[in-house]
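Below: one structure, written as structure tokens.
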There are 2 protein chains.
Amino acid sequence: MDRSKINPNIKDIAKIANVSVTTVSHAISGKRHVSEKTKEKIFKIIKENDYSPNVVARSLKKKESGIIGVITPVLNNEFYSEIIEGIEESLRLKGYMLVINISHFNITKEKEHFRKIDSLFIDGLILVGGFTEISYIDEINKRNIPVVLALREDPQNKYPIVSIDFKKSISNITDFLFKSGHENIGYAGWLREGKITDRKTLDGYIESVKKNGKKFNKSLLIAHTASEDDQGHNFYQFIDTYLKQNGNNRKLNFTALVCQNDYIAIDAINALKKNGFNVPNDISITGFGNIAKSRYHNPSLTTIAIPRKKIGRLSAEVFIKIINKNNISDSDLLLETEIIQRDSTRQL
Amino acid sequence: MDRSKINPNIKDIAKIANVSVTTVSHAISGKRHVSEKTKEKIFKIIKENDYSPNVVARSLKKKESGIIGVITPVLNNEFYSEIIEGIEESLRLKGYMLVINISHFNITKEKEHFRKIDSLFIDGLILVGGFTEISYIDEINKRNIPVVLALREDPQNKYPIVSIDFKKSISNITDFLFKSGHENIGYAGWLREGKITDRKTLDGYIESVKKNGKKFNKSLLIAHTASEDDQGHNFYQFIDTYLKQNGNNRKLNFTALVCQNDYIAIDAINALKKNGFNVPNDISITGFGNIAKSRYHNPSLTTIAIPRKKIGRLSAEVFIKIINKNNISDSDLLLETEIIQRDSTRQL
DNA sequence: CTGAAAGCGCTAACAA
DNA sequence: TTGTTAGCGCTTTCAG
């Protein structure tokens with residue numbers, strides 16, 4: 001038997017140390033007292049033989065794996081990848097490993113992924129970003145492992161959600177525009193059935209409008225109710241049409257436009273430019289997200305930065321808290337955002 | 001016993017189907033003949049009971065897990081994340097799962113990660129991007145699982161490397177500049193000890209120079225030999241100094257500069273601008289990598305696009321080939337790159 | 001074509 | 001303070 005070629009197991013260690021496997025197991029786990037002397041001997045032998053416990057066998061026995069499942073819609077996207085980095089950072093320190101799955105915005109795939117990694121005895125599931133429907137989770141989650149949502153909605157409000165305060169963020173940036181002297185401020189965004197954030201962002205705008213002593217005016221709304229594109233691209237056409245209908249003689253009834261996200265904001269800038277408007281001289285534009293492009297676009301975009309890494313870290317911490325049966329208060333889960341001032345807005 | 005709360009196992013299925021666990025196992029794996037009738041019955045029951053085999057138990061027995069380890073320096077980076085997406089795409093189709101680890105450019109962490117996931121009985125390891133030293137792998141890889149490198153060097157040339165032809169790519173883009181009428185073309189890049197690609201890219205440049213009937217002129221080289229920054233940032237200072245010393249009266253002895261990567265190219269553009277040069281009117285600049293910023297920079301960068309997703313997919317395929325003991329020819333592993341023409345170069 | 005049973009490496013209940 | 005042993009869920013050898 002060529003033992004040199006294969007990793008030693010707990011039995012080997014026990015034999016060499018002249019103790020039982022139980023003692024070795026407990027020396028490692030610390031779950032029951034082992035005399036200093038024996039412990040020393042065991043650890044020495046462990047080191048000499050380069051032993052590390054077999055994670056798979058341990059998982060099978062304990063029905064715990066030290067692995068956390070992460071499901072993300074895509075990887076090659078600054079939002080998700082940075083959140084995941086945050087998760088990894090915190091969880092690695094606690095000794096967990098990550099199994100990362102990509103759902104490609106497909107709920108069926110997501111479900112399959114969860115099924116599969118569930119049988120790995122993952123100790124928790126963190127869902128990053130994306131969509132709405134997650135009722136399938138309970139159906140699969142027979143072992144009742146903790147589930148945490150990172151920057152993801154849950155209409156049923158069943159799982160802890162680590163996110164940002166969408167309403168407040170939009171409210172803040174609208175306030176910022178009012179403070180800059182704008183009197184009439186419009187809003188452009190999706191208003192899709194069932195999308196909670198769509199409603200929240202609009203509410204943030206409305207809140208600020210009222211707070212600043214104005215009346216909410218529906219004609220200042222460029223709200224797209226179609227529910228096609230989850231990522232929020234392709235608002236360009238929609239705004240272009242709006243401008244053609246409402247922007248006669250290069251006049252609009254607002255001097256600033258709050259956009260629900262950076263994609264919409266960039267589309268808005270481009271559509272405005274094409275229709276002869278100047279940003280920010282004629283119209284100030286704000287975005288939401290602080291995507292990479294927002295910095296390099298011309299003009300660069302005033303927007304709201306989302307603390308992505310922090311969201312990841314916090315998600316991990318929430319998970320740990322659940323594991324340790326510490327209770328979490330909802331108020332801890334909403335992170336502050338920050339306004340990034342660039343060139344798409346101006347003081348009036 | 002409340003079986004409704006827990007996942008059924010193979011024994012449960014066997015009992016309900018009135019067959020042995022062996023038969024269930026073989027029905028699933030197809031490794032030995034099971035009568036159509038029995039198979040049908042078994043699969044029906046599997047479906048009804050929502051059974052899926054326990055991956056952990058299977059791994060323990062088979063010393064295979066259906067899991068592939070991926071180690072990447074960072075996640076939030078278009079290069080790595082897109083390669084990983086490619087890997088995931090191909091491997092998911094083959095039924096593999098991915099455990100993704102982040103090494104933060106730290107070899108010790110990388111080693112630890114490998115150790116840990118090795119005990120998960122991962123079936124293979126794909127190392128994405130980054131650094132040089134990988135001799136530690138054999139030391140850990142007692143089970144001798146296949147190792148594939150994606151866009152990563154290996155001085156020992158021990159493992160299959162899926163990458164691009166750096167030399168040819170740089171040679172091509174230098175050719176492109178010659179064809180555009182440039183007679184004197186410079187080169188800016190790192191030349192760090194032990195970095196194979198540094199040498200390869202420079203060789204590509206030299207190859208093109210000679211091919212185009214010129215003599216290699218050392219004074220056209222802006223080569224940084226320090227070995228600080230692995231990512232290739234902060235060339236700005238270096239080039240700035242060079243320009244101050246060699247660019248009197250806004251005259252340089254070249255009209256085009258081939259840069260080893262996009263970061264250097266962007267630094268070069270900025271340094272040139274600051275020193276009173278116009279890009280591309282005075283000097284044409286090319287990069288390598290086609291990073292997001294290269295498109296939005298002013299002027300936008302003519303550069304070489306790397307087929308990142310393809311690299312990922314191919315890495316996965318190579319892994320599968322190794323598993324299936326198909327031999328791989330080295331020539332299959334080098335992917336073509338593509339020149340992306342933008343505004344930082346001009347025809348003379 | 002099918003089954004019984006050993007055993008993968010570990011943990012923990014029970015026993016001393 | 002330590003040891004014996006059952007068993008986690010599965011695959012596979014050996015035996016029909």
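This is a predicted model, so every value here is computed, not measured. Just so it is clear: chains get the letters A, B, ... in the order the sequence lines come, proteins before strands, and each one is counted from 1.
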- Mapping A/Pro53 and B/Asn18 onto DNA chain C by nearest heavy atom, which one lands closer to the 5' end? B/Asn18
- Query: With sugar-phosphate meaning primed atoms plus P, OP1 and OP2, does A/Val56 contact a base, only sugar-phosphate, or nothing at under 4.0 Å between heavy atoms?
  - Reply: nothing
- In whole Å, what is the span from the CG atom of A/Leu60 to the P atom of D/dA6? 17 Å
- Counting side-chain heavy atoms from C-beta on, which of C/dG3, C/dC10, D/dT1 comes nearest to B/Val19? C/dG3
- Message: What is the separation between atom CZ on A/Phe121 and atom P on C/dC10, rounded to the nearest whole Å?
- Response: 17 Å
- Task: Report yes if a donor N or O on one partner sits less than 3.5 Å from an acceptor N or O on the other, where the partners are the side chain of A/Lys61 and the base of C/dG9; otherwise report no.
- Result: no
- Message: Is it the case that the base of D/dT4 and the side chain of A/Thr22 share a donor-acceptor contact (distance under 3.5 Å, atom types as modelled)?
- Response: yes
- Task: Could you check how far NZ of B/Lys31 sits from P of D/dC10, rounded to whole Å?
- Result: 15 Å
- Quick one: B/Ile10 CD1 to C/dA5 C1', roughly how many Å, whole number? 14 Å
- Query: Applying the salt bridge (Lys or Arg N to Asp or Glu O under 4.0 Å) test to B/Lys309, which of B/Glu88, B/Glu85, B/Glu78 qualifies?
  - Reply: B/Glu85
- Item | Residue A/Ser20, side-chain heavy atoms: nucleotide from C/dG3, D/dT4, C/dC10 that is nearest | D/dT4
- Query: Below 4.0 angstrom from OP1 or OP2 of C/dT2, is there any side-chain N or O of B/Thr38?
  - Reply: yes
- To the side chain of B/Ser35, which of C/dC8, C/dC1, D/dC10 is closest? C/dC1
- Value for CD1 (A/Ile320) from CD1 (A/Ile328), rounded to nearest 0.5 Å, stands at 12.0 Å
- Nearest-0.5 Å distance, CD1 of residue A/Ile68 to CZ of residue A/Phe319: 3.0 Å
- Task: Please figure out whether B/Lys63 or B/Val21 has its closest DNA chain C nucleotide nearer the 5' end.
- Result: B/Val21
- For C/dG9, does either OP1 or OP2 sit under 4.0 Å from a side-chain N or O belonging to A/Asn9? yes
- Item | Interatomic spacing from CG in B/Asn9 to CG in B/Asn54 - rounded to 0.5 Å | 8.5 Å
- Item | Between A/Ser20 and A/Thr23: side-chain donor-acceptor atoms closer than 3.5 Å | yes
- Can you check whether A/Ser25 has a side-chain N or O nearer than 4.0 Å to OP1 or OP2 of C/dC10? no
- From D/dG9, C/dC10, D/dG3, pick the nucleotide closest to the side chain of A/Thr23? D/dG3
- Query: Taking N and O atoms by type only, does the side chain of B/Arg32 place a donor or acceptor under 3.5 Å from a partner on the base of D/dT12?
  - Reply: no
- Item | Spacing of A/Glu64 atom CD relative to D/dG9 atom C1', expressed in whole Å | 17 Å
- Task: Could you check how far NE2 of A/His26 sits from P of C/dA15, rounded to whole Å?
- Result: 16 Å
- Does a nitrogen or oxygen in the side chain of B/Arg58 sit under 4.0 Å from OP1 or OP2 of D/dG9? no
- Query: Taking CG from A/Asp12 and C1' from C/dC10, how many angstroms apart are they, rounded to a whole number?
  - Reply: 13 Å
- Task: Using distance alone, with no hydrogens and no angle criterion, decide if A/Thr197 and A/Glu153 have a side-chain donor and acceptor under 3.5 Å apart.
- Result: yes
- How many Å lie between CD1 on B/Ile28 and P on C/dT2, as a whole number? 15 Å
